[in-house]
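Remarks on the structure that follows.
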Amino acid sequence: MAPKMALKKGDEIIGKRKIVNKGAWTAEEDTKLSDYIQKYGAKQWKTVALKAGVNRCGKSCRLRWLNYLRPNIKRGNISDEEEDLILRLHKLLGNRWSLIAGRLPGRTDNEIKNYWNSHLSKKVNHKERKSEFPATPAGTTPPSEEMREENLENEDTEINIDMNDLFHFSAEGTYGLDWIDKFLQIDEQGA
DNA sequence: AACGAAGTCAACCGCTAATTT
DNA sequence: GAAATTAGCGGTTGACTTCGT
């Protein structure tokens, strides 16, 4: 009698058969997937999933490879420059995480998204709330040093640019990211 | 030390767009 | 041109960790 296959939490089961693993990837699965992709390339994720021997769906393999296993990936320690770039690009593009990640070599859309949700969105909300309380009228308590610094920072990140121009520009040209470069150049000059 | 709340992040889900048949 | 398949994206979830009481 064949031994029962151990089920981990989250494994998907149809009937009495274990179909695909779910949840956190093990080191063994990572190795198998990396080895397969290095040999045969990262294309046709369904095939990769089947042949790499990881018992995962193609989607899961793709995500794991793109976000953690592929070469030249950077993890953690987002620098001030990167953070500044994320803030500016988000101001311009909104939640277009893959586009933003495309401007940050080695960073993934998932990491940028997580970083935004756990760090930057709070910062931005904090600043926005502060800016709802403008200059104190004469005779009342002047703004604190901290608040004045916040205001200066807000001025620094103010974007003095006609967005219609930018989108018109992007529509005229190719679908490349030249227009974002243009935007960033203008933004840097303004800062 | 124990517990709950809050924060973080890896992974999944559902949807759309792009590509293939 | 239509249908099926695959790839990619953004939102959300849930496990784990850290912090405060």
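Values reported hereafter were calculated over all heavy atoms of this structure, with side chains retained and with hydrogens, waters and symmetry mates removed. So that the names make sense, note that chain A is the first sequence line, chain B the second, and so on, each numbered from 1.
- Considering only residues two or more places apart in sequence or on other chains, A/Asp35 meets the salt bridge (charged side-chain N to carboxylate O under 4.0 Å, His left out) condition with none of them.
- The distance from the CG atom of A/Leu120 to the CG atom of A/Asn114 is 11.5 Å, given to the nearest 0.5 Å.
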Tell me, with the steps shown, if A/Leu33 and A/Tyr68 meet side-chain contact (heavy atoms from CB on, under 4.5 Å).
CA-CA 11 Å; A/Leu33 183 63; A/Tyr68 303 95; over 6 Å; no
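- Residues satisfying the salt bridge (charged side-chain N to carboxylate O under 4.0 Å, His left out) criterion with A/Lys74, sequence neighbours excluded, are A/Glu82.
- Here A/Ser98 reaches the OP1 or OP2 of C/dC9: one of its side-chain N or O atoms lies under 4.0 Å away.
- Partners of A/Ala49 according to the side-chain contact (heavy atoms from CB on, under 4.5 Å) rule, which considers only residues two or more places apart in sequence or in another chain, are A/Cys61.
- Legend: residues meeting side-chain contact (heavy atoms from CB on, under 4.5 Å) with A/Arg70, ordered by chain and number and at least two apart, are A/Trp65, A/Leu66, A/Ile73, A/Thr108.
- With the end axes of the helix from B/dA2-C/dT21 to B/dT21-C/dA2 each set by five pairs, the angle from one to the other reads 10° at 10° resolution.
- Judged as a side-chain hydrogen bond (donor to acceptor under 3.5 Å, both in side chains), and not counting sequence neighbours, the contacts of A/Asn95 are A/His90.
- Partners of A/Glu81 according to the salt bridge (charged side-chain N to carboxylate O under 4.0 Å, His left out) rule, which considers only residues two or more places apart in sequence or in another chain, do not exist here.
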Protein heavy-atom contacts under 4.0 Å, written 5' to 3' over nucleotides 16-21 of chain B as B (base), S (sugar-phosphate only) or - (none), form the string ------
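- Remark: the A/Asn67 side chain and the A/Glu111 side chain contain no N/O donor-acceptor pair separated by less than 3.5 Å.
- Every residue meeting the ring pair (Phe, Tyr, Trp, His ring centres under 6.0 Å) condition with A/Tyr36, not counting sequence neighbours, appears here in chain and number order: A/Tyr40.
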Each nucleotide in nucleotides 6-12 of chain B should get exactly one letter: B, S or -. Can you fill that in based on protein heavy atoms under 4.0 Å?
-SSBBBB
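- Every residue two or more places apart in sequence or in another chain that forms a salt bridge (charged side-chain N to carboxylate O under 4.0 Å, His left out) with A/Lys32 is listed here: A/Glu28.
- Between the OG atom of A/Ser118 and the NZ atom of A/Lys113 there is a distance of 12.0 Å, given to the nearest 0.5 Å.
- For the pair A/His90 NE2 and C/dG10 C1', the computed distance is 11 Å after rounding to whole Å.
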Every protein N/O lying under 3.5 Å from an N/O of nucleotides 3-6 of chain C:
residue : atom : partner : partner atom : Å
C/dT6   : OP2  : A/Lys46 : NZ           : 3.3

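- Close to C/dG11, at under 4.0 Å from its OP1 or OP2, lies a side-chain N or O of A/Trp97.
- Using a 4.0 Å heavy-atom cutoff across all strands shown, A/Arg96 reaches sugar-phosphate atoms only and no base atom.
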